[in-house]
Amino acid sequence: MPAAIPFVYHASYSQLALPHTHRFPTTKYQLLYQHAIEQQLLFEASRYIPSAISIDTLHEVHCPEYVEQFISGTLDHKAQRRIGFPWSEQLVNRTLHAVKGTVLCTQLALEHGIALHLTGGYHHAHYDFGSGFCIFNDLIIAAKTAIDSGRADKVLIFDCDVHQGDGTATLAQQHPDIISCSIHCAQNFPSRKQLSDYDIDLNKGCCDQEYLEHVQQILPYLIRLHQPDLIIYDAGVDIHQDDDLGYFNISNQGVLARDTQVISIAKSHNIPLAAVIGGGYSRNEAELTHRHSQLLIAANEVWLSK
């Protein structure tokens, strides 16, 4: 059990110049990092800084032509627009470090039992195109890397972002040792859902009790059935009742309870857990930071308690 929670953060996560009207909250990563250090939820001595992911590693999951076109800035306008970001060298730099950050997070989790990544969860990225602010699928890449390294035989991706992990669903179909589970809003993006190994479609307006009951039921079931060696947890806070892009009615207490549930279940089964912060959208930076910090609070309460 770690004396302090290991975590991954790179300065490039918030170094992305976007138009003022853009909906992507690029500042939230730096603000969460600063908040975590100031509140002693995380400690600088336990911070790990990722390098850039190798192109060869990207090619193992994504179409080489798509990878090269994104990195060189030669994607056509329609493909770039589908991603949701204007192309820039900053975006390339951020993307390569963020994907490697999730890989590093899983490696740390396998070593220490738990690790957190202060970005990640790019679950709308498909084999040959990006979508919904997601360019390369860090969850699949990290899971595949853990398996290929021989440190895990089976990995469970437990996705609690409010949006279905459609890219994860399609990519996981090519990897029988990667189990995909998505708990999401049925009426939210993407309009065309894909088939995860397990899809829990909850209706718009879902409240704390219903949501938490589903988490409590499905995660232990998946652990018993598949006996994963690693859980990659997408702890998106866009389930929150005040999220700009979410349709659920989950409170701050509900977010904390969910994160506490997931981490407690993983710990009770002695399964390493790598958590990424996933989606969360709000113009109110302080409130968004507070929502994401629930994951850090839960990790400390569960993993550092006797």
Side-chain angles (χ1 to χ4, degrees), residues 9-35 70 73 75-95 97-99 101-102 117-126 129-139 159-168 182-193 204-206 234-250 252 255 276-295:
Y9 174 76
H10 193 278
S12 67
Y13 297 169
S14 283
Q15 293 173 347
L16 185 60
L18 295 173
H20 178 69
T21 56
H22 202 284
R23 303 186 81 171
F24 188 78
T26 188
T27 59
K28 77 174 183 178
Y29 308 99
Q30 182 179 359
L31 293 173
L32 178 62
Y33 165 67
Q34 292 173 340
H35 175 79
F70 169 72
L75 279 176
D76 64 45
H77 176 71
K78 183 179 179 181
Q80 193 69 46
R81 184 177 179 181
R82 188 171 191 177
I83 289 171
F85 293 126
W87 186 89
S88 66
E89 291 185 0
Q90 282 181 326
L91 178 62
V92 174
N93 185 56
R94 180 193 189 281
T95 299
H97 284 88
V99 173
T102 301
H117 187 200
L118 302 192
T119 188
Y122 302 117
H123 58 175
H124 300 309
H126 292 252
F129 66 92
S131 174
F133 307 142
C134 302
I135 298 157
F136 301 128
N137 197 302
D138 60 318
L139 305 174
D159 189 340
C160 291
D161 192 280
V162 79
H163 307 104
Q164 192 213 28
D166 55 332
T168 301
S182 180
I183 303 178
H184 54 265
C185 179
Q187 293 85 12
N188 209 325
F189 178 90
S191 57
R192 181 180 298 175
K193 304 294 191 289
K204 183 186 297 187
C206 177
D234 186 338
V237 300
D238 41 14
I239 64 168
H240 192 273
Q241 58 196 10
D242 295 325
D243 190 86
D244 289 350
L245 300 182
Y247 299 149
F248 282 165
N249 192 28
I250 309 300
N252 283 329
V255 173
V276 301
I277 68 169
Y281 306 90
S282 176
R283 302 289 185 187
N284 189 316
E285 294 177 337
E287 288 188 2
L288 186 56
T289 298
H290 178 69
R291 292 170 205 167
H292 279 298
S293 71
Q294 303 309 299
L295 173 65

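Treat the numbers as computed from the prediction; the structure is a model and nothing was measured.
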Exercise. If only atom types and distance count, is the side chain of Asp138 paired as donor or acceptor with the main-chain N or O of Gly120 below 3.5 Å?
Worked result: no
Exercise. Ser131 and Phe189: which non-hydrogen atoms are nearest, and at how many Å?
Worked result: OG-CZ, 3.5 Å
Seminar exercise, completed: Tightest non-hydrogen contact, residues Tyr247 and Cys185, listed as CB-SG, 3.9 Å
For this session: Step by step, work out the side chain to side chain contact (heavy atoms under 4.5 Å, CB included) result for Leu31 and Gln34.
Result: CA-CA 5 Å; Leu31 293 173; Gln34 292 173 340; 3.9 Å; yes
Exercise. So, Gln164 side chain and Ser182 main chain: donor-acceptor pair closer than 3.5 Å or not?
Worked result: no
For this session: Kindly compute the distance separating NE2 (His117) from NE2 (His10), expressed to the nearest 0.5 Å.
Result: 10.0 Å
Exercise. Regarding His184 and Asp159, is there a side-chain donor-to-acceptor distance under 3.5 Å anywhere?
Worked result: no
Exercise. Does Lys193 use its side chain to pair, donor to acceptor, with the backbone of Ala186 at less than 3.5 Å?
Worked result: yes
Exercise. Closest heavy-atom contact between Leu139 and Val276?
Worked result: CD2-CG2, 4.1 Å
Exercise. Is any side-chain heavy atom of Leu288 closer than 4.5 Å to a side-chain heavy atom of Val237?
Worked result: yes
For this session: Scan Thr168, Asp166, Ile83 and name whichever one has a side chain to side chain contact (heavy atoms under 4.5 Å, CB included) with His124.
Result: Asp166
Problem set entry | For the student: nearest non-hydrogen atoms of Cys134 and Gly121, plus distance | SG-O, 4.4 Å
Exercise. Which distance, rounded to the nearest 0.5 Å, do you find between the CG of Leu245 and the CZ of Arg23?
Worked result: 4.5 Å
For this session: Look at the rings of Tyr29 and Tyr13 and say which category their plane angle falls in: under 30° parallel, 30 to 60° tilted, over 60° perpendicular.
Result: perpendicular
For this session: Output the distance between atom OG1 (Thr27) and atom CG (Leu16), rounded to the nearest 0.5 Å.
Result: 11.0 Å
Problem set entry | Close side-chain approach of Arg291 and Asp238, heavy atoms under 4.5 Å | no
Exercise. If only atom types and distance count, is the side chain of Ser14 paired as donor or acceptor with the main-chain N or O of Gln30 below 3.5 Å?
Worked result: yes
Exercise. Nearest 0.5 Å, what's the NE2-CD1 distance between His292 and Ile277?
Worked result: 4.5 Å
For this session: Kindly compute the distance separating CG (Asp242) from CZ (Arg283), expressed to the nearest 0.5 Å.
Result: 15.0 Å
For this session: Run the ring-centre check on Phe70 versus Phe136 and record whether the distance is less than 6.0 Å.
Result: yes
Exercise. Just wondering, do Leu75 and Phe129 contact through their side chains at under 4.5 Å, heavy atoms?
Worked result: no
For this session: With rounding to the nearest 0.5 Å, note down the distance linking CG in Asp243 to CD1 in Ile250.
Result: 11.5 Å
Exercise. Passes side chain to side chain contact (heavy atoms under 4.5 Å, CB included), Thr289 versus Lys28? Steps please.
Worked result: CA-CA 6 Å; Thr289 298; Lys28 77 174 183 178; 5.6 Å; no
Problem set entry | Which atom of Ser12 lies closest to which atom of Asn93, heavy atoms considered | CB-ND2, 3.6 Å
For this session: Measure centre to centre between the rings of His22 and Phe85, then say whether the value is under 6.0 Å.
Result: yes
For this session: Return yes if some donor-acceptor pair links the side-chain N/O of Asn137 with the main-chain N/O of Ala125 below 3.5 Å, else return no.
Result: yes
